[in-house]
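Read through the structure below, which is laid out as structure tokens, and then see the notes.
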Amino acid sequence: MPETAPATSRLPYHYAHQVRVRYAETDQMGVCWHGNYLLYLEEARGEALRATGCGSYADWEAAGVMTPIVKVALTYHKSAHYDELLTIHVYVEEPLSALIRFRYDVRNEQDEQVLEGTTDLTFISASTHQPCRPPLALRKFFR
């Protein structure tokens, strides 16, 4: 069965996802531990991709394509605290190549920037672990 995808480009792509800082994710001062932001970004990235209608990580892995992270860059601007609602803005601004770059802007309830950053994911064959083309639906969506 041939793959299908949207006919027109969706770049730049934007998706907003919200997470609330849980008590277990904070230190004794109620400040969110810096490493938790990577988990928040992963959750937002997965939901952003799911919202494209092009499948999920699980779908691509079942089709033989894996997406390891090859680069992370984060800049922390302000601490997030217990029970704060964070809005994670996820952007894809460039056509896909051997990788997909996600840009993030994390904001608190006062619309203050908490964190900004990027993650680069590459596409590899699950069987050979060698670089491969992104799934067709993604290539067409993010062209």
Side-chain angles (χ1 to χ4, degrees), residues 3-6 8-143:
E3 293 184 57
T4 60
T8 59
S9 174
R10 305 300 197 289
L11 293 177
Y13 178 71
H14 170 250
Y15 181 83
H17 181 73
Q18 292 188 313
V19 296
R20 187 169 299 279
V21 178
R22 295 175 289 233
Y23 185 78
E25 298 165 340
T26 64
D27 60 19
Q28 287 182 320
M29 298 177 291
V31 173
C32 182
W33 179 64
H34 68 278
N36 287 319
Y37 291 97
L38 288 171
L39 297 174
Y40 298 161
L41 299 183
E42 179 181 8
E43 179 181 325
R45 183 174 61 246
E47 292 304 317
L49 287 169
R50 186 183 318 278
T52 67
C54 296
S56 67
Y57 289 124
D59 296 328
W60 306 327
E61 288 174 6
V65 178
M66 300 176 77
T67 54
I69 289 183
V70 294
K71 183 177 179 184
V72 174
L74 302 177
T75 302
Y76 298 88
H77 294 283
K78 187 171 186 65
S79 296
H81 296 87
Y82 167 64
D83 206 35
E84 267 192 309
L85 185 63
L86 301 178
T87 301
I88 303 168
H89 296 276
V90 181
Y91 300 91
V92 176
E93 298 167 324
E94 303 168 9
L96 300 190
S97 59
L99 64 82
I100 182 171
R101 172 168 289 156
F102 294 90
R103 184 174 64 83
Y104 308 94
D105 178 23
V106 180
R107 300 205 163 252
N108 64 18
E109 293 172 90
Q110 292 74 43
D111 199 34
E112 299 166 318
Q113 188 174 50
V114 173
L115 176 137
E116 63 181 320
T118 60
T119 55
D120 293 352
L121 286 72
T122 192
F123 299 93
I124 64 170
S125 164
S127 60
T128 66
H129 292 182
Q130 295 299 308
C132 69
R133 295 184 74 180
L136 178 62
L138 278 180
R139 290 195 315 265
K140 287 188 174 184
F141 191 92
F142 292 121
R143 63 176 163 180

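Between I69 and E42, every side-chain heavy-atom pair lies at or beyond the 4.5 Å cut-off. Proximity of Q110 to E84: side-chain heavy atoms (C-beta onward) are separated by under 4.5 Å at one or more points. By the 4.5 Å heavy-atom criterion applied to side chains, V114 and Y40 are not counted as neighbours. Under the 4.5 Å side-chain criterion, counting only non-hydrogen atoms from C-beta, L11 is in contact with F142. Using a 4.5 Å heavy-atom threshold, the side chains of S56 and L49 count as separate. No side-chain heavy atom of D83 sits less than 4.5 Å from a side-chain heavy atom of H81.
The distance from the SG atom of C32 to the CG atom of L115 is 9.5 Å, given to the nearest 0.5 Å. Atom OG1 of T119 is separated from atom CG of L99 by 10.0 Å, given to the nearest 0.5 angstrom. Here OG1 of T67 is found 6.5 Å from CD of E61. Values are rounded to the nearest 0.5 Å. Between atom NE2 of residue H14 and atom CZ of residue R103 there is a gap of 8.5 Å, rounded to the nearest 0.5 Å. Atom NE2 of H77 is separated from atom CD of E112 by 12.0 Å, given to the nearest 0.5 angstrom.
For D105, the salt bridge (charged side-chain N to carboxylate O under 4.0 Å, His left out) partners are R107, not counting sequence neighbours.
Between E93 and P12 the shortest heavy-atom distance is CG-CB, 4.2 Å. Of all non-hydrogen atoms in L74 and L38, the two that sit nearest each other are CD1-CD2, 3.8 Å. Nearest approach of P135 to V65, heavy atoms of both residues: CD-CG1, 4.2 Å. C132 and S125 make their closest contact through SG-N, 3.5 Å (heavy atoms, listed as atom of the first residue, atom of the second, distance). The minimum heavy-atom distance between A51 and Y13, with the atom names listed, is CB-OH, 3.6 Å. In plain terms, the two heavy atoms of M29 and D27 that are nearest each other are N-OD1, 2.9 Å.
For residues 92-124, there are no ring pair (Phe, Tyr, Trp, His ring centres under 6.0 Å) pairs, not counting sequence neighbours.
Of the N and O atoms on the side chains of Y15 and R50, not one donor lies less than 3.5 Å from an acceptor on the other residue.
Judged by distance alone, with hydrogens and angles left aside, the side-chain atoms of R10 form no donor-acceptor pair with the main-chain N or O of F141 at under 3.5 Å. The closest donor-acceptor contact from the side chain of E109 to the backbone of L85 lies under 3.5 Å. Side-chain atoms of W60 never come within 3.5 Å of backbone atoms of P134 as a donor-acceptor pair (strictly under, hydrogens ignored).
The aromatic rings of Y37 and Y76 sit perpendicular, their planes meeting at an angle over 60°, well past the 30° parallel limit.
The 12-atom threshold is exceeded at CZ of R20, counting heavy atoms of other residues, nucleotides or ligands nearer than 6.0 Å.
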